[in-house]
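Have a look at the structure below, then the notes.
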Amino acid sequence: MKLIEVKNLKVYFTVRPSIFSKKKIVKAVDGVDLSIGEGEILTLVGESGCGKTTLGKAIAGLVKPTSGKILFKGKDLTELSKREFLEYRRSVQIVHQDPYASLNPTKSVFQILSFPLVRWRIVKSRSELRDKVKELLELVGLTPPEEFINKYPHQLSGGQRQRVAIARAISVNPKVIVADEPITMIDVSLRLGILDLMLDLRKRLGTAYLFITHDFGAARYFSAKGGGKIAVMYLGKIIEMGPAEEVIFNPLHPYTQALLSAVPVPDPEISRKKKPLKLRSLDIPSPLNPPPGCKFHTRCPYYMSRCAKEEPPLIEVKSQHYVACWLYVKR
Amino acid sequence: MSSSEVILRIRDLKVVYLSPRGQVKAVDRVSLNVFRNEVLGIVGESGSGKSTLAHTILRILPPTARIVSGSILYDGTDIIKLPEREFKNIRWRKLSLVPQAALNALNPTMKILDHFIETGRAHGLNDRRLIMERAKELLELLRLEPRRVLNSYPHELSGGMKQRVLIALSMLLEPEILILDEPTTALDVLTQRAILDLLKEIKDKLRITMVFITHDIAVIADLADRIAVMYAGKLMEVGDVYTVFRRPANPYTKALMASIPSLIGKVEDMKPIPGSPPDLVNPPRGCRFHPRCPYAMEICKKEEPPTVELSTGHIASCWLYVKR
């Protein structure tokens with residue numbers, strides 16, 4: 001049984017673009033199926049506005065789905081008892097992008113980390129609390145713990161703050177961590193350190209990850225090193241999914257191909273030889289008014305008449321490699 | 001490089017910021033040449049001094065900054081010592097800045113057209129028709145529809161369009177040198193690629209010198225002719241783009257390249273740099289990178305490394321290359 005299963009999930013928001021216009025609907029997540037097993041890694045990658053953060057929030061139980069199902073250990077979230085729902089909220093923790101905003105500046109590291117431990121009754125006594133906090137700090141590489149335990153967030157570097165945020169997430173023994181752009185605001189030279197830490201915690205504690213990023217390099221590093229999958233999102237849909245290196249080196253969807261061909265690589269010869277796939281239009285259509293059929297058809301260089309009419313299903317083209325594109329459907 | 005005439009000669013530049021905790025040594029005795037018509041990439045992490053260096057050249061440092069020593073020669077004059085009245089004739093006309101679009105560089109209450117007119121006026125160009133003509137030409141060069149864009153307010157444009165408008169604005173007075181400060185940082189991959197390709201086109205079509213500042217070494221791999229690597233206020237390495245990428249000399253440059261999660265190479269070879277960047281109020285003695293350097297020797301902890309020329313135009317500041 002999968003830890004988390006998402007079935008035809010839709011999350012819509014109502015917006016009013018200006019006070020004189022009618023209400024409109026943004027389909028942030030528009031029919032997503034995915035699953036995460038114990039200790040598995042799934043990386044969601046996509047451009048801004050593709051719905052990856054909303055999907056992550058819905059899975060963490062922070063946003064209510066409009067329709068569709070999220071199953072936790074086989075049980076529908078909406079059918080959980082209050083107690084089971086609390087258990088779910090504890091089991092799925094989130095690490096945010098901005099460690100400058102996610103940690104309360106008026107609380108010390110000790111206070112930040114003791115709150116969830118006390119709240120979820122993970123420790124029984126005061127002395128145990130201090131030991132547990134030290135153990136968490138050691139686990140996330142903030143050693144020696146005595147040096148960090150009484151510090152306040154402003155006294156820590158960005159990388160250290162993110163480590164505290166990760167320590168807080170693992171303090172309650174979650175099954176899954178939703179990590180939403182956890183390295184975007186970290187110094188370049190320290191980014192892989194945070195990803196390595198997350199992979200190391202998975203080895204030790206068996207935590208599964210939903211890693212959300214806009215950076216294909218980071219997606220590749222995390223998923224490939226952890227033997228996980230990558231899913232590419234576009235306008236609320238997963239358009240391609242598969243094992244990390246397979247998606248990176250054999251992208252099937254024209255959108256994935258376009259993105260990968262556009263990513264700068266740290267090699268002057270290779271980057272000057274790269275031929276980016278030319279799109280028909282550079283700009284993402286407004287999510288308020290997405291195109292019918294395949295949502296990518298307005299930009300796709302391989303556009304066929306069918307693409308504007310029918311939405312392609314996500315199908316398995318190669319072993320474990322899924323794509324939603326009419327190019328791969330035999331008729 | 002087509003020509004090797006030095007257009008900007010930076011010598012021994014030292015800039016600090018005053019803070020309650022003491023002086024932040026942001027740029028520390030940096031010497032660097034910029035050649036005419038080249039693209040020079042300046043790479044560094046946050047706190048490396050790359051933006052301070054750019055702001056010093058354009059004289060747009062905040063009031064807490066102090067230029068302690070050094071000179072920047074442009075056209076035979078030290079632009080640091082020039083009275084503001086005279087420097088005004090150089091800023092934007094000769095040297096101009098492309099800021100990051102995400103950082104509210106455009107005035108939200110003004111149409112794009114008015115940005116062009118105001119920029120022109122501020123620098124003594126009052127002929128409205130001439131400004132319009134030039135603006136149209138530049139916007140077309142940047143693949144924007146002049147009619148539509150000129151009549152828009154900034155919020156009506158996407159991030160990539162705003163960034164292109166900023167590039168066009170910076171080129172309004174036909175400057176000789178463009179200083180681009182992280183011009184693609186907050187943009188999506190496809191938009192970033194489009195901007196990089198446009199800059200490449202501009203570089204090929206027009207005779208213009210670009211100084212491209214970025215934290216992402218991959219971004220300039222395909223645009224830059226030369227690369228300068230900065231760390232904690234110090235210049236670590238300078239060289240031709242192929243040399244620096246293929247045979248990086250400074251251990252910091254090597255470590256920085258290995259720390260990029262990239263689509264090429266093996267993931268096993270990628271790794272973070274241990275430790276964290278130093279506090280610039282109290283930077284480490286000796287080489288500022290020594291606490292994180294895998295090759296650190298005794299001397300690195302005590303004395304600052306000299307700059308060594310390894311081959312023509314390839315220099316590194318590192319004790320490893322000093323024969324003793």
Side-chain angles (χ1 to χ4, degrees), chain A residues 45-50 156-160 183 185-197 213-226 244-245 248-249 255 258-274 276-277 279 281-284 286 299, chain B residues 43-48 143 158-161 184 186-194 196-197 200 214-225 227 231 240-246 252 255-268 270-277 279 292:
Chain A
V45 56
E47 294 184 278
S48 51
C50 72
L156 303 173
S157 72
Q160 289 168 342
I183 58 167
M185 301 197 54
I186 310 291
D187 256 330
V188 184
S189 69
L190 307 176
R191 289 182 177 175
L192 295 188
I194 299 290
L195 296 183
D196 283 346
L197 167 68
T213 181
H214 70 284
D215 177 349
F216 267 93
R220 177 194 173 208
Y221 183 83
F222 191 68
S223 266
K225 240 186 151 180
E245 298 285 59
I248 297 295
F249 293 108
Y255 177 62
L259 284 176
L260 286 169
S261 70
V263 174
V265 292
D267 183 305
E269 256 163 73
I270 298 176
S271 65
R272 279 161 219 229
K273 270 188 214 137
K274 257 186 150 181
L277 188 65
L279 297 183
S281 140
L282 189 61
D283 295 306
I284 282 197
S286 162
R299 305 170 76 192
Chain B
V43 195
E45 299 176 69
S46 48
S48 63
R143 306 276 150 71
S158 71
M161 290 164 92
T184 65
L187 304 173
D188 277 322
V189 180
L190 296 170
T191 320
Q192 170 178 280
R193 170 53 54 201
L196 291 174
D197 289 346
K200 222 195 274 183
T214 179
H215 70 281
D216 185 351
I217 201 166
V219 163
I220 48 170
D222 108 19
L223 189 67
D225 298 305
I227 289 190
Y231 179 75
D240 163 66
V241 66
Y242 293 95
T243 312
V244 173
F245 274 99
R246 284 287 142 83
Y252 174 66
L256 182 67
M257 286 190 199
S259 75
I260 304 167
S262 162
L263 297 180
I264 55 172
K266 292 186 195 141
V267 284
E268 292 79 22
M270 303 170 193
K271 50 180 179 292
I273 307 181
S276 31
D279 175 7
R292 305 174 77 187

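Here the structure is a predicted model, which means the values were calculated and not measured. Every chain is numbered from 1 and lettered A, B, ... according to where its sequence line falls, protein lines coming before strand lines.
Put simply, the side chain of A/R299 reaches to within 4.5 Å of the side chain of B/L190, judged on heavy atoms. Within the 4.5 Å cutoff, side-chain heavy atoms of B/V241 are placed close to those of A/R272.
Contacts between B/M270 and chain A at a heavy-atom distance below 4.5 Å involve backbone atoms as well as side-chain atoms. No part of B/A255 comes within reach of chain A, as not one of its non-hydrogen atoms sits under 4.5 angstrom from that chain. For B/Q192, the part lying near chain A is the side chain, with the backbone staying farther off; criterion is any non-hydrogen pair under 4.5 Å. Proximity to chain A is limited to the side chain of B/D197, based on heavy atoms less than 4.5 angstrom apart. Using a 4.5 Å cut-off between heavy atoms, A/I183 does not touch chain B at all. Heavy atoms closer than 4.5 Å to chain A are found in the side chain of B/P277, but not in its backbone. Contact of B/S262 with chain A is made through backbone and side chain together, with heavy-atom distances under 4.5 Å. Proximity to chain B involves both the backbone and the side chain of A/L259, based on heavy atoms less than 4.5 angstrom apart. Using a 4.5 Å cut-off between heavy atoms, B/R143 makes no contact with chain A at all. Using a 4.5 Å cut-off between heavy atoms, A/F222 does not touch chain B at all.
With respect to chain B, the highest number of heavy-atom pairs below 4.5 Å among A/S261, A/A258, A/G217 belongs to A/G217. When A/L190, A/I284, A/L195 are compared by the number of non-hydrogen pairs under 4.5 Å with chain B, A/L190 comes out ahead. Ranked by non-hydrogen atom pairs under 4.5 Å with chain A, the options B/D188, B/V267, B/T184 are led by B/D188.
In summary, of the residues considered (B/L256, B/I260, B/V219), a side-chain contact (heavy atoms from CB on, under 4.5 Å) with A/P266 occurs for B/I260 alone.
Heavy atoms of other residues, nucleotides or ligands lying less than 6.0 angstrom from NZ of B/K271 number 12 at most.
A/R191 contributes no side-chain N or O that, together with a main-chain N or O of B/P272, makes up a donor-acceptor pair within less than 3.5 Å. In this structure a side-chain-to-backbone donor-acceptor pair under 3.5 Å is missing from B/R246 to A/D267.
The minimum heavy-atom distance linking A/R220 with B/I264 is given by the pair NH1-O, 3.6 Å. Residues B/A221 and A/V265 come closest through the heavy atom pair CB-O, 3.5 Å. Nearest heavy atoms, B/R193 versus A/P276: CD-CG, 3.9 Å.
Here A/K273 contributes atom NZ and B/D222 contributes atom CG; the two are 13.0 Å apart, rounded to the nearest 0.5 Å. In this structure, A/S157 OG and B/D279 CG are separated by 11.5 Å, a value rounded to the nearest 0.5 Å. Taking OH from A/Y221 and CD from B/E268, the interatomic distance works out to 9.0 Å, rounded to the nearest 0.5 Å. B/S259 OG to A/L192 CG: the interatomic distance, rounded to the nearest 0.5 Å, is 6.0 Å.
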